[in-house]
Amino acid sequence: MVFSRENLDAWCGRGILFLVLAMLVFAPLALGAVDLWAQLVLFGIGTGLAGLWATRLWLVRKPKLLWPPLGWIVITFTAYAADRYFTSDIEYVARLELVRIALYGLVFFVVVNNLHGQDEAKWISYTLITVAALTSSYAVAQYLQHSSLVYNLISPYPGRASGTYICPNHFGGFLELVLPLVLAFVLVGRIHVVTRIVLAYATLTIMVGLAVTLSRGAWIGAGTGVVLLLLILLSQRMHRWRALLVLLVLLAGGSLFVKQYFSKTVGYMRRVAKPDNTGPTVLDTNSRLEMWRAAMRMWQENIWLGVGPNLYDYRFRQYRPESIQLRPDHAHNDYLNLLADWGAIGGIIVFAGISIFVLGLVQTWPHIRRGDNDFRSGMSNRFAFYLGASCGLLALLVHSVTDFNLHIPANALIGVTLLALLTSNLRFATERFWFHVGWPVKLGLTVLIGTIAVGFILQARRGGGETIWLMRAEQLPPFSPARVVALQKALACEPKNFQTTYDIGECFRTQSLSGGDDYAELTKQAIDYYALGIALNPHDGYNYLRTGMCLDWLDRHDEAEKYYSEAELHDPNGYFMVANIGWHYVQIGDYAAARQWFWRAFRLENYPSTGMAKKYLFEICEPKLLEKAAAQQLAPPNAEKTH
């Protein structure tokens, strides 16, 4: 083999395709890539993509750059994210969000400029379809076996299948992206009959996999995407009867499946027929509305810039309604979450991007159809991908009204990849978005790509060591000195992780409760780590709460008061916070005040029959107050003064 520029460039192109496919396979299989370890793998793949693209820029003598209008939106939002990172209240969370956004932006430009051919689009489509079909089969097996296991982990959603994700809603978000794509290839793809049969079976498998998630949002989103796909084909003379037949089969088959089998399953009856809105992981309509109101309040109080990158969950406690005692993670509405986190500026950028993308679809439609009409059969892989990917993205956008799929890295990466492939079709409509790249532009792009790659490497280095030590800490006895050592080494790798400082503080505080000779020193060490946690995350009331508890343990009750006050300000409606403030008044012997706090915690707690508030209220406060009242009644009256 002769090593020429052309050969090396071709191998770099194949390497980019391989890495993108690896990313699209790994992320859904790795629990949606929501855990840090999985994201570190994605950052490593992103580093490889950056290196190969930068190499291609210098291998080609006269490279051309495809820069569609949507590229300006991607660059603008990434720059805005970088700016918000430097002003964020919580550096650790904002940094991780910035690195993820940089990864999505890099994937967008890499795909647009390197994988815009029909063969690459087909490879990506078939890979996604294969992963979706296999994981759907796994989900069906979970449902039939009534299993809550995802690999060796337990999903907290009994009666529902989640495939290779923990949450069934997010697995449904993945499937709704792929379902219109595979259906489009079955109906209008220019493929071999055997391939069409295999894809038809894959379509059926994905549909059943989507059904057993029992995700109503995913059903609505997928239904919207499939209906739009069929309506478009019904408007096309060459595809009308085929689309009508599929529509009738789906309606009749779906109705029969639900009536004869699905409606009789326990999961369906609890989730859909007669919704059971109880349980620690259930979010009913009212709960979602409450979280949306909290997001609106955050946005209204920070209307232009929002509360900060990915900070909704960390600011939620301050806005928590009394009816929500869960930790929400996100607002369960990507649009409101966008406004809460990024403010009106972020919202304007994103919605402008959606508008530009839709206009691009409209602009390329005549050129996609004109080329496809050259085939008398009307079958075309380009047209199939155009329809399927567009309807899949619509399904995701619809589902995002009731969930946070765009915050799941696997779903976000798949969405970005489909978005980039569709955007690259603008090259059929016009040549004005192609630019010849001279050496100054190549140098600037290389510096930018290199900077992103260095960011991935630095984050992987910090996060990798932290993850290893945190995993080791999990294997050690809770609150033990050995766990403290492991956590301290994790903190040395990632000194900005406030959760690690809190965990170390908890270890020292718990050790001090044994009452040994060194209890005071252990308590002071706990206070130091809580103080560090306050500096790293000023919105977490639990560091204030635990500091107050430590001061109570040291009999410094007057100093503890201000920390309990701060704790309440940061989570005024949290039952655990309120109950622990009641605990403080027990320590100082003010049982009347403690009773008021415990009564409030008792009313707030979702499961008061098993909570600490009930125990302290009825086993400590009430007896103490009754004892005091009885003592007052038995005391002799004061002698009256005589004059």
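We're numbering straight along the sequence, starting at 1.
A donor-acceptor pair under 3.5 Å links the side-chain atoms of T224 to the main chain of I220, judged by distance alone. Although no hydrogens or angles enter the test, the distance criterion places a donor-acceptor pair under 3.5 Å between the side chain of Y80 and the main chain of W342. A side-chain donor-acceptor contact under 3.5 Å links R196 to the backbone of G189. Looking only at distances, no side-chain donor or acceptor of D9 sits under 3.5 Å from a matching main-chain atom of R5. For the pair T135 (side chain) and V131 (backbone), a donor-acceptor distance under 3.5 Å is present. Proximity of a side-chain donor or acceptor of T164 to a complementary backbone N or O of P28 within less than 3.5 Å is detected.
Ring centroid separation for the pair F383 and W365 comes in under the 6.0 Å cut-off. If you look at W67 and W72, their ring centroids are closer than 6.0 Å. When ring centroids are compared, F385 and F185 stay outside the 6.0 Å threshold.
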(Q) If you apply the rule side-chain contact (heavy atoms from CB on, under 4.5 Å), what do you find for F428 with R382, and how did you get there? (A) CA-CA 11 Å; F428 299 126; R382 182 196 300 170; 3.9 Å; yes
Q.
Could you go through H170 and N405, starting from their C-alpha distance and side-chain angles, then the distance that decides it, and tell me whether this counts as side-chain hydrogen bond (donor to acceptor under 3.5 Å, both in side chains)?
A. CA-CA 6 Å; H170 303 148; N405 278 290; 5.0 Å; no
(Q) Apply side-chain contact (heavy atoms from CB on, under 4.5 Å) to residues L210 and S136 and explain how you reach the verdict. (A) CA-CA 7 Å; L210 184 64; S136 293; over 6 Å; no
(Q) Between T417 and L128, is the side-chain contact (heavy atoms from CB on, under 4.5 Å) condition met? List the steps. (A) CA-CA 11 Å; T417 302; L128 290 174; over 6 Å; no
Q.
Let's go through N411 and L406 carefully: what are the C-alpha distance in whole Å and the side-chain angles of both, what is the deciding distance for side-chain contact (heavy atoms from CB on, under 4.5 Å) to 0.1 Å, and is it a yes or a no?
A. CA-CA 6 Å; N411 295 353; L406 299 180; over 6 Å; no
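For the side chain to side chain contact (heavy atoms under 4.5 Å, CB included) with T203, the qualifying choice from L181, V182, I129, V178 is V182, the only one to do so. Screening V188, L228, L247 for a side chain to side chain contact (heavy atoms under 4.5 Å, CB included) involving L233 leaves a single residue, V188. Results of the side chain to side chain contact (heavy atoms under 4.5 Å, CB included) test with C391 over L179, L229, L231, L230 single out L229 as the only residue that passes.
L250 has its side chain within reach of M207: a pair of non-hydrogen atoms, C-beta onward, lies under 4.5 Å apart. Side-chain contact check for F43 versus R100: some heavy-atom pair is nearer than 4.5 Å. Within the 4.5 Å cutoff, the side chain of M23 has heavy atoms near those of the L413 side chain. Looking at Y319 and R293, their side chains never come closer than 4.5 Å, going by heavy atoms from C-beta outward. For the pair L336/M291, no side-chain contact is recorded, criterion being any heavy-atom separation below 4.5 Å from C-beta on. K442 has its side chain out of reach of L65: every pair of non-hydrogen atoms, C-beta onward, lies at least 4.5 Å apart. Side-chain atoms of D313 and V93, non-hydrogen and from C-beta on, never get closer than 4.5 Å to each other. Two residues are said to be in side-chain contact when any heavy atoms from C-beta on lie closer than 4.5 Å; L103 and L42 meet this criterion.
Atoms NE2 and CG, on H399 and L177 in that order, are 10.5 Å from each other to the nearest 0.5 Å. Atom NE2 of H539 is separated from atom CG of L311 by 6.5 Å, given to the nearest 0.5 angstrom. Here the straight-line distance linking atom CG of N537 with atom CD1 of I90 works out to 3.5 Å at 0.5 Å rounding. Annotation: the span from Y386 atom OH to L421 atom CG amounts to 14.0 Å, rounded to 0.5 Å. For the atom pair CZ of R14 and CG of L19, the computed distance is 14.0 Å after rounding to the nearest 0.5 Å. Of the inter-residue distances, the one linking S400 atom OG with H332 atom NE2 reads 12.0 Å to the nearest 0.5 angstrom.
The minimum heavy-atom distance linking Y165 with A410 is given by the pair OH-CB, 3.5 Å. Contact record, T55 with C12: CG2-SG, 3.9 Å, taken as the closest heavy-atom pair. Here the closest non-hydrogen pair linking L338 and G347 is CD2-CA, 3.8 Å. Taking both residues in full, the closest heavy atoms of W53 and F109 are given as CH2-CB, 3.7 Å, listed atom of the first, atom of the second, then distance. Closest of all the heavy-atom pairs between S390 and L361 is OG-CD2, 3.8 Å. Here the closest heavy-atom approach between residue G71 and residue F108 is recorded as CA-CE2, 4.1 Å.
At a threshold of 4.0 Å, the pair R61-E6 counts as salt-bridged, since one of the basic side-chain nitrogens sits closer than that to a carboxylate oxygen. By the 4.0 Å N-to-carboxylate-O rule, E91 lies too far from K496 to be salt-bridged with it.
Around the CH2 atom of W434, the shell of radius 6.0 Å holds more than 12 heavy atoms that belong to other residues, nucleotides or ligands. Other residues, nucleotides and ligands contribute over 12 non-hydrogen atoms within 6.0 Å of the CZ atom of F351. When the shell of 6.0 Å around CZ of F435 is examined, it contains more than 12 heavy atoms from other residues, nucleotides or ligands. For CZ of R461, the number of neighbouring non-hydrogen atoms (other residues, nucleotides, ligands) closer than 6.0 Å is 12 at most.
Side-chain contact of N425 with T364: a donor-acceptor pair under 3.5 Å is absent, judged by distance alone. Remark: the N333 side chain and the R288 side chain contain no N/O donor-acceptor pair separated by less than 3.5 Å. For S215 and N169, the side-chain atoms include at least one donor-acceptor pair closer than 3.5 Å.
Figure legend: R216 and W219 shown without cation-pi pairing, the cationic atom not lying both under 6.0 angstrom from the six-membered ring centre and within 45 degrees of its axis.
Contacts of A331 classified as side-chain contact (heavy atoms from CB on, under 4.5 Å), with partners at least two apart in sequence or in another chain: A295, Y312, N337. Taking H330 as the reference, F404, H407 meet the ring-ring contact (aromatic ring centres under 6.0 Å, His included) condition, with sequence neighbours excluded.
Aromatic ring pairs are classed by plane angle as parallel below 30°, tilted from 30° to 60° and perpendicular above 60°; the pair F26 and W37 is perpendicular.
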